Undergrad: 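The structure that follows is given in the form of structure tokens.
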Amino acid sequence: MSDTDSPTFTYSDDEFMCVFNHILTNEKIAEPVVDIDATLPSAEYDSLELVMLFGWLAEMFNINFDLVDVDTLLNTKDVTLRKLKDMVADTATTNLNFSDLESYNICR
């Protein structure tokens, strides 16, 4: 069951956190996030790490990040994974099904 009413974004909080953490650990960006409402250490991510992170999110959810003010989002005090999830839900135009991700060994 999803936590959003978006027709193109169907991920629950736990599923989105799993995907986000897979990107963080696979790309060696940071330690996994354990709470979707915890503040992200976004100031600690360097520019290449942010490109990798948002590149994966853009690919998975078909998001044109040229139309999204990522800098403002990440520079917001106390940005959380929930805020990032909301931004993805608002801008996603397609969506890999969570079970499809499992077939690629993501979030198994």
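One-based numbering along the sequence shown. Just so it is clear, the model here is predicted, and its values are computed rather than measured. Values below: every heavy atom of this structure, side chains too, minus hydrogens, waters and symmetry copies.
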Undergrad: What's the shortest heavy-atom distance between M17 and V34, and which atoms?
TA: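 Shortest heavy-atom separation between M17 and V34 comes out as SD-C, 3.9 Å.
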Undergrad: Quick check: closest heavy atoms across L57 and L84, and the distance to 0.1 Å?
TA: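 That would be CD1-CD2, 4.2 Å.
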Undergrad: Would the distance check show the side chain of T91 and the main-chain N or O of I63 forming a donor-acceptor pair, the cut-off being under 3.5 Å?
TA: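 No.
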Undergrad: Taking the inter-plane angle between the rings of F61 and F16 on a 0 to 90° scale, is it parallel (under 30°), tilted (30 to 60°) or perpendicular (over 60°)?
TA: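 Answer is tilted, since the angle falls between 30° and 60°.
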Undergrad: Which pairs of donor and acceptor atoms, one on a side chain in residues 25-33, lie under 3.5 Å apart (sequence neighbours left out)?
TA:
residue	atom	partner	partner atom	Å
T25	OG1	N21	O	2.9
T25	OG1	H22	O	3.4
E27	OE2	W56	NE1	2.9

Undergrad: Check side chain to side chain contact (heavy atoms under 4.5 Å, CB included) between D86 and all other residues, then give those that pass, not counting sequence neighbours.
TA: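 Side chain to side chain contact (heavy atoms under 4.5 Å, CB included) check on D86 returns R82.
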Undergrad: Could I get the full list of side chain to side chain contact (heavy atoms under 4.5 Å, CB included) partners for D35, not counting sequence neighbours?
TA: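 Listed in chain order: D37, A38.
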Undergrad: Roughly how far apart are L24 CG and L81 CG, rounded to 0.5 Å?
TA: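 The CG atom of L81 is 8.5 Å from CG of L24, to the nearest 0.5 Å.
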Undergrad: Distance from D13 atom CG to F20 atom CZ, nearest 0.5 Å?
TA: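 One gets 13.5 Å once the value is rounded to the nearest 0.5 Å.
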Undergrad: Tell me, do V88 and M60 make a side-chain contact under 4.5 Å, heavy atoms counted?
TA: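 No - every pair of side-chain heavy atoms lies 4.5 Å or more apart.
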Undergrad: Which residues pass the side chain to side chain contact (heavy atoms under 4.5 Å, CB included) test with D78, sequence neighbours left out?
TA: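 For D78 the side chain to side chain contact (heavy atoms under 4.5 Å, CB included) partners, ignoring immediate neighbours, are T39.
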